[in-house]
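First comes the structure, then the notes that go with it.
Chain letters run A, B, ... following the sequence lines, proteins first, then strands; residues in each count from 1.
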Protein chains: 2
Amino acid sequence: MVPATNDPEPGEPTTADTKTGSDIYRESFRIIRAEADLSRFPDDVERVAVRMIHAAGDPTIAPDIAFTPGIVGSCTAALRAGAPILCDSGMTATGIITSRLPARNPVWCHIKDPRVARLAAELGGTKASAEVDLWHREGRIAGAVVAIGNAPTALVRLLELLDDGIEPPAGIIGIPVGFVGAAESKQALVDSAHGVDYLTLLGRRGGSAVTVAAVNAIASTDELTNTNRLD
Amino acid sequence: MVPATNDPEPGEPTTADTKTGSDIYRESFRIIRAEADLSRFPDDVERVAVRMIHAAGDPTIAPDIAFTPGIVGSCTAALRAGAPILCDSGMTATGIITSRLPARNPVWCHIKDPRVARLAAELGGTKASAEVDLWHREGRIAGAVVAIGNAPTALVRLLELLDDGIEPPAGIIGIPVGFVGAAESKQALVDSAHGVDYLTLLGRRGGSAVTVAAVNAIASTDELTNTNRLD
């Protein structure tokens, strides 16, 4: 397990002066809303989309964001009930701001767990895929929030397990990045999520920073002060 | 200090099967080289640019990559001599693959150091800016490789210290992301690096994943096996 830290979010000013920080956020979000057409998003998802664009530094990702309307509600309810967040990579786990989580939710990443390397050798797949198998074997997936920001094979393996009828997670933030397999894995999420709420960014773009921004946005109600939902 | 981990790189398959992993890398890099015009890059920087594009999932960043021709040579020499890597954020530090570094080089991030919060309050700036001041006060910057993947204010503060004539780092990988200040900070790096070698991505785009990909590429000679330079 990689311990989660309270990293500032990607692109954020990490200011000690709250007013200045809020001003910079406000201006950033104003620019994003002026440049990107976000009219198709429900309010709660729009706020998350703004953060994803912020982390990417790129309003052109907006049309490629795909989601179920219930994704924010499902993840919020799960987090309030204490659900863990399962992350495929250490960078994703590190970026999640634990102080913003409503129920001291655990943030887990097992990519460096020696059992994952052994399982990957045994199953003949990638370590990221074996990490999902480890989660499944240990009963961690049911009701959890899954955040995949790196490895297409982790997302593919999760979808295979859903095909097999496992008890599903509360929501899937599935935004791996890359040129081989990433776009396909995210299209597969849209095509066969088996009713599980999801958020993704279609195509090649994505990655841990965008994934982390989405999770952190879902975990807070106030765009500027990042107030915890249960404060 | 955030301990660095051996996270897989953004978008990489993290495979347990080296051949399969190499095949996926090879195909990814082939696509990138087919789609992006990399002819203006020297060979050693071209290899780094490919990795940055890989991490972004976006060949359109290629024209915005700015650098000095000596950046890879300077950072490589410094790392071989044992130089530390100073990271502005935990996500950047976490993504650096320490097993690839040639001299068990320390990877430091002080954003969560309580002294940084106190210093930020005292100086009236951001924590990221105060982190750079802490590095300077402790003599950590001279000869180091600085990797800024998150906070424009960290890059701005580093440039201010260079203006003041401090002993410079070996190289600056300065790729903060965002809508307010990021583009300006990266242009300032190009305009006033005081002869220090640098690598950046002009404009709004960037972030920890692209920064980490650049550092990891600089730290290895073999594109496919990630062989350590001193193996």
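Within a 6.0 Å sphere centred on CG of A:Asp43, other residues, nucleotides and ligands contribute 12 heavy atoms or fewer.
Residues B:Arg205 and A:Ala56 come closest through the heavy atom pair CG-O, 3.7 Å. Pairing each heavy atom of B:Ser208 with each of A:Met91, the nearest pair is OG-CE, 3.6 Å. Contact record, B:Val180 with A:Ser28: CG2-OG, 3.3 Å, taken as the closest heavy-atom pair. Residues B:Ala55 and A:Val177 come closest through the heavy atom pair O-CG2, 3.4 Å.
Ranked by heavy-atom pairs under 4.5 Å with chain A, the first of B:Leu123, B:Ile32, B:Val116 is B:Ile32.
With sequence neighbours left out, the salt bridge (charged side-chain N to carboxylate O under 4.0 Å, His left out) criterion links A:Arg157 to A:Asp133, A:Glu160. In this structure A:Glu138 satisfies the salt bridge (charged side-chain N to carboxylate O under 4.0 Å, His left out) test together with A:Arg115, A:Arg140, sequence neighbours excluded.
Proximity to chain B is limited to the side chain of A:Glu35, based on heavy atoms less than 4.5 angstrom apart. In this structure, chain A has heavy atoms under 4.5 Å from both the backbone and the side chain of B:Ile53.
B:Glu27 places none of its side-chain heavy atoms less than 4.5 Å from the side chain of A:Phe179.
Summarising the geometry, atom OG1 belonging to A:Thr153 is positioned 7.5 Å from atom CD1 belonging to B:Ile24; distances are rounded to the nearest 0.5 Å.
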